[in-house]
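All heavy atoms count here, side chains included; hydrogens, waters and symmetry mates do not. A, B, ... follow the sequence lines: proteins, then strands. Residue 1 opens every chain.
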Amino acid sequence: MRRYRDFKNDLQMKIVIIGAGAAGISAAETIRKKKSDWEIDLVSDEEFLPYYRPRLIDLLAGKAEKEGIYIHKGGWYKENNIFLHLSKKIVGIDIGNKKVVFADSTQLEYDKLLIATGSYPNSPPIPGVNTEGVFTVRTIRDVLDIREQVKNKRSAVVIGGGLLGLESANSLRQSGLDVTVVEHSPYILHRQIDEEGSVFLKDCLEKIGIRLLSGCDTKSISKGDDSIGIVISGANETESSVADIILVSAGIKIDLSLVRGKGINTNNGIIVNDNLETNIRGIFAAGDVSEHRGIIYGLWTTALEQGRIAGENIADGSVVYTGTTPFTKLKVVGIDLVTLGDIKDKESKEFKITDKLKNIYKKIFVKNGIVVGAILLGDTGKMTQIQKLIKEKTNVSGQEQNLLS
Amino acid sequence: MEKWKCTICGYIYDPAVGDTEHGINPGTKFENLPDDWVCPECGAPKDQFDRVGQPVG
């Protein structure tokens, strides 16, 4: 039996990839680079060609059309002999017979399988959250529906002030709507920025016309005659208002129904080893759906890297995944933001420069004369220099303020 | 001059346009961008860029 398997490795294999997001597409590309004659079926339940999901906010703002965010043109899949199935949902996996089952009961055989089904938007338990006119931003379809809905409309509420919520708010603002963001925590982006910086950022948002209600919760949503009613409560007061559209951006959830009860180990995601293989030999998982060393990343860049590594290993490679370090530079509503090192240590001394007109907020955190962390908002020119100081633990006593200017 | 594409977000670096917001003048070749230049859209470093039109494999 073993001999047969090893022999078969040299033959043409049939690979099925479920999901054509970041992980699925990068796995397909990687497998094709290594194995020119293997069969690759890439299955997407979306109707459009695979696209750069982070650029949905450009589509939302009307700065790009859907064709402009596709990863490859339609012909690319044919040229590379990757069979792309669109609008096809896989509803079952028959592990014993190595087959996947489509919603219409047709089947597809595989020798190796990659599960890259991603995640879906979390829907917070707010009464009325399923009301017509309440949207999430996850797919091209979502965004096209939102764009249709906001034509000639005036106001929007975004529930959730994380990165995607803020970017969505910015996109709607650029389309000319009045936008309010409701965020549960008192400080937005608390992982990327300190409290003072968060307040600074709030002012930046207000300058471009985005109203931020931080430390507030949405109590209920209800359909009115030609708008949507929303009740928002803060620490001291409750406000009732109306909006033409509501976007919900409250994190992601993982759907494990495809693999439950099949003998594939799961926790919050599908558990994979350092080769991104599940406990079932020949079945891999990558991207948001996978859980590696207890972590579900839920990040586009991570999914790309995991997809590439899963692809390498599916194509008989042996590549180990050890985790992904996110990029240091972010963009928040068009403003560059870099966070370096430790910005939460209460014992460190702070030095800062701010310029409200130019949206610049720069701060370094110094402990015993050594820079331990930094926030650079609006002007990231010092990024490399400060990164080096943190790494080399250079003593900067007396020079702190000069580092920022 | 060759255009380069960010493999993370799809941003295209066009040397004819440069990246003036980050101090890169029009006419700057991708190869001549500083090492610490990153994708202005998503923050990806230079090594995450591919030449546009480069085929797979």
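- We find the CD-CG distance between B:E21 and A:D336 to be 6.0 Å, quoted to the nearest 0.5 Å.
- Environment of NZ in A:K356: sparse, with no more than 12 heavy atoms of neighbouring residues, nucleotides or ligands closer than 6.0 Å.
- With values rounded to the nearest 0.5 angstrom, A:Y52 atom OH is found 7.5 Å from B:C6 atom SG.
- B:C39 contributes atom SG, which lies 8.5 Å from atom NZ of A:K331 (distance to the nearest 0.5 angstrom).
- More than 12 heavy-atom neighbours from other residues, nucleotides or ligands sit within 6.0 angstrom of NZ on A:K207.
- In this structure, CD1 on B:I8 lies 11.0 Å from CG on A:L299, to the nearest 0.5 angstrom.
- Note that NZ of A:K329 and CG of B:D36 are 8.5 Å apart. Values are rounded to the nearest 0.5 Å.
- Neither the backbone nor the side chain of A:I69 comes within less than 4.5 Å of any heavy atom of chain B.
- Here the straight-line distance linking atom CD of B:Q48 with atom CG of A:L304 works out to 8.0 Å at 0.5 Å rounding.
- Here the shortest heavy-atom pairing between B:E41 and A:D58 reads OE1-OD2, 4.4 Å.
- Residues B:P45 and A:F327 approach most closely at CD-CE2, 3.3 Å, considering heavy atoms.
- Within a 6.0 Å sphere centred on CG of B:N32, heavy atoms belonging to other residues, nucleotides or ligands number more than 12.
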